[in-house]
Amino acid sequence: MKILAGNWKMNTTFEEGYTLIEALKTELSPERLGEVVVVLAPPVVQLTQAIDLLIDYPEMAVAAQNGHASDSGAFTGEVSMAQLADAGADAVIIGHSERRQYSGETDRDVNLKTKSALAHELRPIVCVGEDLSVRKAGTHLAVVEAQLRAALDGIDGDLAENVVIAYEPVWAIGTGETATAAQAQEMHAHLRGVLRETYGELANHMPILYGGSCKPSNAAELFAQPDVNGGLIGGASLVAADFVALADLLQKA
Ligand code: PGA
């Protein structure tokens, strides 16, 4: 499975979200997408708008950008995985580096959220990635491996088949600087090997997405890597023409 996920972050009004989804519906026919599954992650207040607009478009799924690990309770301002599933979401982004950085999310939080998402039949898109100091120190493979192991701790193969991994080097997110295709492939192959240790053959079918300043001008080479199964796209997912171009590139890869 190839996945193109758009992380809109804290962008778009209702109207802008509507226009973007309508444009994608017009362009991205099932024939054009082929085996590419599109996942859109609008801000949570627009989740039901997206779900309603895409009700007849099973090839386009809707994800939340975050969710709480507890089903309900006194957590003012939070939205649970249970509530996201109840609203009709298909997936949820977990452990994005911006949440790790600005909201103090830990590997343990990521693990609990991933388990909660799976319990509610939401497909978790689990984000891992190193910051610049780690990359410069040359310990990126070990650091990201540890994030992955922690995120999936205690999750067995029956559930893991629904997990999507997104490798997003923090130094490449929103910076205009992308990992080279070789850097991406090195990490993706390493993560695949870690998954294989735990899940065996299933690891070959677990999508590993690349994210971080991925755009039409650099995506072809990234998507061509054997262990890159798609993209988690921030900035370029807000521009319909760019997102459509990325879907085409992924379909052809
Ligand atoms: P970017 O964001 O494409 O704007 O770098 C990617 C992400 O944070 O998911």
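Ligands are counted one by one from 1 in listed order, and the atoms in each one are counted from 1 as well.
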- Item | Any side-chain heavy-atom pair of D227 and H190 under 4.5 Å | no
- Message: Using heavy atoms and a 4.0 Å limit, tell me yes or no: is S97 in contact with ligand 1?
- Response: no
- Message: side chain to side chain contact (heavy atoms under 4.5 Å, CB included) for L238 and E16? Distances and angles first, verdict last.
- Response: CA-CA 9 Å; L238 296 168; E16 287 164 349; over 6 Å; no
- Message: Check for me, please, whether V36 and V62 land in the same ILVMFWY cluster - side-chain distances under 4.5 Å, paths through other members count.
- Response: yes
- Item | Element-labelled atoms of ligand 1 that are located less than 4.0 Å from some non-hydrogen atom of E168 | 6 (C), 7 (C), 8 (O), 9 (O)
- Message: Check this for me - ligand 1, G234, N or O atoms closer than 3.5 angstrom, yes or no?
- Response: yes
- Between the side chain of R192 and the main-chain N/O of M206, is any donor-acceptor distance below 3.5 Å? yes
- Query: Does G235, backbone or side chain, put an N or O under 3.5 Å from an N or O of ligand 1?
  - Reply: yes
- Message: Any atom of ligand 1 sitting under 4.0 Å from a heavy atom of H96?
- Response: yes
- If we number the atoms of ligand 1 from 1 as shown, the ones under 4.0 Å from a heavy atom of A172 are 5 (O)
- Task: Answer with side chain, backbone, both or neither: which part of A236 has a heavy atom less than 4.0 angstrom from an atom of ligand 1?
- Result: neither
- Message: At less than 4.0 angstrom from any non-hydrogen atom of N7, what atoms of ligand 1 do you find?
- Response: 9 (O)
- Message: Are the side chains of L132 and V170 in contact, using a 4.5 Å heavy-atom criterion?
- Response: no
- Message: Below 4.0 Å from ligand 1: does a non-hydrogen atom of G211 turn up there or not?
- Response: no
- Message: When you group the ILVMFWY residues by side-chain heavy-atom contacts below 4.5 Å and let the links chain together, are L28 and L232 in the same group?
- Response: no
- Query: Checking T178 side chain against C214 main chain: does a donor-acceptor pair fall under 3.5 Å?
  - Reply: no
